[in-house]
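Here is the structure we will look at.
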Amino acid sequence: MPNNQALIIDGKMISEQVRESLKPAIDSLKKRGIIPGLAVVLVGDDPPSQAYVRMKGKAFEAMNLFSETFRFPADSTQSELETFIEKLNSDPRFHGILVQLPLPFHFNELEVIMKIDPNKDADGIHPVSLGKMVLGTEAPLSCTPHGVLMLLKYSNIETSGKHAVVVGRSNIVGKPIANLLFKKRALGDATVTICHSKTKDLQAICRQADILIAAIGRPDFIDRNFVKDGAVVIDVGINRVEDLTTKRGYRLVGDVNFNDVIDKVSAITPVPGGVGPMTISMLIANTVYLAEKLTANQ
Ligand code: NDP
């Protein structure tokens with residue numbers, strides 16, 4: 001049944017609520033003289049990466065937390081970067097380390113990530129963190145997938161027993177989201193189907209979804225033909241499309257054609273203003289969590 005009163009999930013507002021909820025933990029760390037600190041490593045001059053790093057820095061500043069960005073030229077070597085990460089591992093000012101991805105082509109990203117001390121894995125993407133997440137033991141969760149769960153939680157969207165279809169199987173988005181959704185726990189217990197570029201009958205599978213999560217990286221890819229009436233649609237995609245009417249010459253759109261699906265869905269995240277702000281809030285949450293763990297005996 002078409003729904004003309006879809007809930008537009010306000011990621012900015014929920015993100016503020018999450019940040020507010022972190023304040024007691026931050027205050028109690030500060031009372032012990034500890035300011036959660038994040039080191040951000042940025043390699044090269046990819047414009048979206050630079051923009052994300054700026055946003056992260058501002059968010060930490062707004063929460064009176066410590067963050068520092070370390071910039072490397074695009075032609076830096078793997079060993080230069082790894083040596084620097086080892087230094088950050090032993091720098092007590094930083095409880096979290098984040099390497100902004102993607103790295104320039106010549107880097108082995110996984111090897112770089114594996115150099116981060118898992119106890120300082122602010123992005124929750126170290127194999128140790130991902131392994132713990134799969135096993136259901138405590139670990140920093142990958143920020144964007146965790147942010148998606150928080151959006152569902154704060155919007156009172158039940159996942160238990162629902163069919164969730166995740167389109168995209170990347171290590172940082174699709175795989176961890178799918179894992180979190182089928183875990184035996186609150187905000188989990190969904191039946192999950194993972195789709196990718198080789199999936200046959202993608203539209204038909206997506207139309208079975210009670211909760212459809214798009215993490216593809218293709219502007220407006222998901223239209224009404226992919227969406228069941230009353231479905232919840234979470235759009236992780238952030239794509240720049242040329243728009244010469246804007247000052248920047250581009251605008252951001254998601255993987256979902258918002259206007260085409262809006263009359264079919266029961267709830268949907270907009271782009272921008274949906275999943276994006278949550279990713280940064282969960283990065284703050286992870287840094288606070290790591291600061292608590294690392295300083296527990298101080
Ligand atoms: P990747 O490019 O790593 O993965 C894209 C996935 O989509 C792959 O699994 C790919 O399949 C699948 N895919 C591509 N084309 C199709 C298709 N035609 N049909 C079905 N599946 C397809 O991207 P990421 O996971 O890193 O990012 C996905 C999107 O999310 C991007 O727009 C990115 O900018 C955004 N993003 C947003 C964040 C946020 O904070 N909101 C954070 C991180 C990412 P296959 O594996 O077969 O190649």
Side-chain angles (χ1 to χ4, degrees), residues 9-12 14-15 18-19 40 42 46-56 58-59 98-103 105 107 109-110 113 122-125 130 140-152 164-181 192-209 212-223 225-227 233-241 250-258 268-286:
I9 299 174
D10 186 341
K12 278 192 195 156
I14 296 174
S15 162
V18 169
R19 290 180 202 191
V40 178
L42 175 62
D46 173 52
S49 292
Q50 289 185 336
Y52 295 141
V53 165
R54 261 197 313 277
M55 285 192 277
K56 286 166 187 171
K58 277 189 189 161
L98 176 147
V99 176
Q100 184 66 42
L101 302 179
L103 291 172
F105 259 134
F107 282 97
E109 266 183 13
L110 183 58
I113 291 163
D123 229 359
I125 58 170
L130 290 171
L141 296 176
S142 349
C143 296
T144 302
H146 194 193
V148 168
L149 283 201
M150 289 298 114
L151 286 176
L152 295 172
V165 174
V166 180
V167 190
R169 57 177 167 183
S170 71
N171 289 339
I172 60 165
V173 190
K175 278 185 208 164
I177 287 181
N179 259 282
L180 290 169
L181 282 168
V192 180
T193 304
I194 307 178
C195 301
H196 46 77
S197 66
K198 305 290 186 293
T199 299
K200 298 252 187 296
D201 296 327
L202 183 64
Q203 288 189 357
I205 295 171
C206 290
R207 275 199 307 272
Q208 294 170 21
L212 177 60
I213 300 187
I216 310 165
R218 291 182 178 240
D220 293 338
F221 183 86
I222 300 286
D223 64 19
N225 297 314
F226 290 74
V227 177
V233 176
I234 305 291
D235 189 355
V236 181
I238 301 180
N239 308 290
R240 286 184 175 203
V241 295
Y250 68 88
R251 68 196 154 83
L252 297 179
V253 302
D255 290 342
V256 177
N257 186 332
F258 186 94
I268 185 167
T269 57
V271 177
V275 176
M278 295 302 291
T279 298
I280 298 184
S281 289
M282 302 334 292
L283 177 65
I284 296 171
N286 277 350

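First listed ligand is number 1; within each ligand, the first listed atom is number 1.
Listed as neighbours of ligand 1 are Thr144, Val167, Gly168, Arg169, Ser170, Ile172, Val173, His196, Ser197, Leu202, Ala215, Ile216, Gly217, Arg218, Phe221, Val236, Gly237, Ile238, Asn239, Val275, Gly276, Thr279, each bearing a heavy atom under 4.0 Å from the ligand.
Within the model, atoms CG of Asn171 and CG of Leu110 stand 8.0 Å from one another, a figure rounded to the nearest 0.5 Å.
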Next item on the list: Output, in order, the C-alpha distance, side-chain angles, deciding distance and verdict of side-chain contact (heavy atoms from CB on, under 4.5 Å) for Val256 and Leu212.
Entry: CA-CA 10 Å; Val256 177; Leu212 177 60; over 6 Å; no
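Applying the side-chain hydrogen bond (donor to acceptor under 3.5 Å, both in side chains) rule to Ser49 yields the partners Asp46; only residues at least two apart in sequence or on another chain are considered. Residues that satisfy the ring-ring contact (aromatic ring centres under 6.0 Å, His included) test with Phe258, not counting sequence neighbours, are absent from this structure.
Between Asn286 and Asp123, the side chains place no donor N or O within less than 3.5 Å of an acceptor N or O (distance only, hydrogens not considered).
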In a table with atom names and distances, give each donor-acceptor pair under 3.5 Å that connects a side chain of residues 271-283 to protein atoms at least two apart or in another chain.
from: Thr279; atom 1: OG1; to: Thr144; atom 2: OG1; distance (Å): 3.0
from: Ser281; atom 1: OG; to: Ser15; atom 2: O; distance (Å): 3.3
from: Ser281; atom 1: OG; to: Ser15; atom 2: OG; distance (Å): 2.7
from: Ser281; atom 1: OG; to: Arg19; atom 2: NE; distance (Å): 2.7
from: Ser281; atom 1: OG; to: Arg19; atom 2: NH2; distance (Å): 3.3

